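The structure under discussion appears below in the form of structure tokens.
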There are 2 protein chains.
Amino acid sequence: MMEHAQEALFRPVRAGNAFEETVERLMQAIRLGVVAPGERLPSERDLATRLGVSRVTVREAIRSLQENNYVESRRGRYGGTFVNDVIPKSAPGKEFGDIHDALTLRKVLETGAAETAAGRSLGPAERRGLRARLEEASTASLVEYRRKDSRLHLAIAEATGSASVTAAVADSRMRVNELLDTIPLLEPNLTHSNAQHERIIASILDGDPAGARLAMAEHLDGTASLLRGFLV
Amino acid sequence: MMEHAQEALFRPVRAGNAFEETVERLMQAIRLGVVAPGERLPSERDLATRLGVSRVTVREAIRSLQENNYVESRRGRYGGTFVNDVIPKSAPGKEFGDIHDALTLRKVLETGAAETAAGRSLGPAERRGLRARLEEASTASLVEYRRKDSRLHLAIAEATGSASVTAAVADSRMRVNELLDTIPLLEPNLTHSNAQHERIIASILDGDPAGARLAMAEHLDGTASLLRGFLV
DNA sequence: CTCCAAAGGTATGTCTGCGAGCCATTGGCC
DNA sequence: GGCCAATGGCTCGCAGACATACCTTTGGAG
């Protein structure tokens, strides 16, 4: 028997109860900037269908987000649940093993995604989308940087044309962002990141898989060593 | 809003009910060869703890495996649930989008895993493990090939030192194996695969990340085009 | 001004899954 | 030969989640 592989295969089947996982998902959408401040979440009924949970559970999750000031709800037609400007919270106390694990998965996924995206023939809409995200990230202020950065990286994942890859990247980023939230974000890091972003996107748009991979790898290594430095 | 990213983020929160997901996991362990025919699964109490479900649910899952002749249970001390030699089943009817999605994720994960594994300094136990899995796969008969092949690929994932990567590769392989089960496995494919396996493992053991990635990419492209050819 | 569609808010009965405990069986150890 | 530890087999009550239905609020369309 492969004792080690068992640990991976016999991991818990569910990360938490339906309520917790629903909160997690909504938080992802907000923190990764998929639904920006001021924008509206899909309706409760819609979310219930898409997430595969009951509306009651969705409401409980939204309730908990309201209590933590992430969102506000308004009734009536053209009402809904709207994302606030806040960015509360930070969660400390990770172990080194977790960090290594999260960073390894991220590197595997995101370098692969960049290479794959560069190897596809992208449509005009996709190309425009990538440029738009790049522009958003490069002009972002310090407070909104993490969100805009995540949107850019998610757009790259989407450009692979694989929903599974996008989902995996989203999960991975959430884990890493949790860690990044515990260390300071400085102007020089940001400038450097933007330059790397440009290289990555240029390589993807030029259809240069090897270049995209390399540029992404260097980009990720930057924040990885920053993290390892601050957290160990 | 990034309409497309929402599809990934607002995907169903749980793949199925606890029972179904538990069956799925045990099937993974059996079909990927992590618990080989004749070997014993962990005890019900142990599985319940590790999988994070109640023992009742574990028992229902095992019951369903018994009914499909995958396993047999024996009572008493030194009893347990043992894996049979069978390999029933096959599930047809996939759409092209699913195939592309599954193959894209697999390529991202496994090429990344190979590269990462080659970039680490592996301990003697890990090196021995990789060689052993390679040997097993190369001497496997047609009927046991898929299982031995999966074990080898899982061992490579494990060599990244990241449990998350291993888990992701296991999930990905299950999806692809489901597809592979619907097409014939021929002796020449097998010979070719074995040669590629050797290159991959040699590159990893030599600490050659670029070589490992390339070898893995070629290996995966082989079965990918086979699949696309048979299934479209 | 009225209507009404679409959104959030509420209530209820059902069912799944869980925890916890106990029973039955088996084979090695003393 | 008897003990007993570890395993599968079984039951029952509770809590979480679900489906479904209905109520309330709101603002645009007609």
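Convention: sequence-line order gives letters A, B, ...; per-chain numbering from 1. Since the structure is predicted, the reported quantities are computational estimates derived from the model, not experimental observations. Keep in mind that the numbers below use all heavy atoms, side chains included, and drop hydrogens, waters and symmetry copies.
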Spacing between [X] atom [atom1] and [N] atom [atom2], to the nearest angstrom:
{"X": "A:Glu60", "N": "D:dG16", "atom1": "CD", "atom2": "C1'", "answer": "9 Å"}
{"X": "B:Leu47", "N": "C:dC18", "atom1": "CG", "atom2": "P", "answer": "13 Å"}
{"X": "A:Arg55", "N": "D:dC22", "atom1": "CZ", "atom2": "P", "answer": "14 Å"}
{"X": "A:Arg75", "N": "C:dA5", "atom1": "CZ", "atom2": "P", "answer": "19 Å"}
{"X": "A:Ile62", "N": "C:dT10", "atom1": "CD1", "atom2": "C1'", "answer": "15 Å"}

Between [options], which nucleotide has the shortest distance from any of its atoms to the side chain of [X]?
{"X": "B:Arg77", "options": "C:dT26, C:dG9, D:dC18", "result": "C:dT26"}
{"X": "A:Val56", "options": "C:dA11, C:dA24, C:dT10", "result": "C:dA11"}
{"X": "B:Ala18", "options": "D:dA17, C:dG17, C:dG8", "result": "C:dG17"}
{"X": "A:Ser54", "options": "C:dC18, D:dC18, C:dA7", "result": "D:dC18"}
{"X": "B:Asn17", "options": "C:dG9, C:dG17, D:dT7", "result": "C:dG17"}
{"X": "B:Arg40", "options": "D:dG28, D:dG9, D:dT7", "result": "D:dT7"}
{"X": "B:Ser43", "options": "D:dA17, D:dT7, C:dG28", "result": "D:dT7"}
{"X": "A:Arg45", "options": "D:dG9, C:dC18, C:dG9", "result": "C:dG9"}
{"X": "B:Thr57", "options": "C:dG9, D:dG8, C:dC18", "result": "C:dC18"}

Between A:Asp149 and A:Leu190, is the side chain to side chain contact (heavy atoms under 4.5 Å, CB included) condition met? List the steps. CA-CA 10 Å; A:Asp149 179 55; A:Leu190 200 145; over 6 Å; no

Verify the contact: side-chain N or O of B:Arg59 to OP1 or OP2 of D:dG8, cut-off strictly under 4.0 Å; return yes or no.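 Looking at the OP1 and OP2 atoms of D:dG8, neither is under 4.0 Å from any side-chain N or O of B:Arg59.
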
Below 4.0 angstrom from OP1 or OP2 of D:dT7, is there any side-chain N or O of B:Ser73?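 Answer is no, no contact under 4.0 Å.
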
On DNA chain C, does the nearest nucleotide to B:Phe19 precede the nearest nucleotide to A:Glu44 from the 5' side, or the other way round? Give the residue.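 Looking at the nearest nucleotide for each, A:Glu44 comes out on the 5' side.
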
Do the ring planes of B:Tyr145 and B:His197 sit parallel (below 30°), tilted (30 to 60°) or perpendicular (above 60°)?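 Correct class here is parallel.
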
Any sub-3.5 Å donor-acceptor pair from A:Arg146's side-chain atoms to A:Leu180's backbone N or O?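 Present.
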
Any donor-acceptor pair under 3.5 Å linking the side chain of A:Arg147 with the backbone of A:Pro37?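 Looks like no, no N/O pair under 3.5 Å.
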
With a 4.0 Å cut-off on N to O distance, would you call A:Arg63 and A:Glu60 a salt bridge?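 Judged by the 4.0 Å cut-off on N to carboxylate O distance, A:Arg63 and A:Glu60 do not form a salt bridge.
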
Of B:Gly76 and A:Gly76, whose nearest nucleotide on DNA chain D comes first from the 5' end?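 It is B:Gly76 whose nearest nucleotide is closer to the 5' end.
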
Spell out yes or no: do the side chain of A:Arg63 and the base of C:dG8 have one donor N/O and one acceptor N/O closer than 3.5 Å?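 No.
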
When we call it a touch if two heavy atoms are under 4.0 Å apart, what does B:Arg74 touch: a base, just sugar-phosphate, or nothing?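 The residue B:Arg74 makes sugar-phosphate contact but no base contact.
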
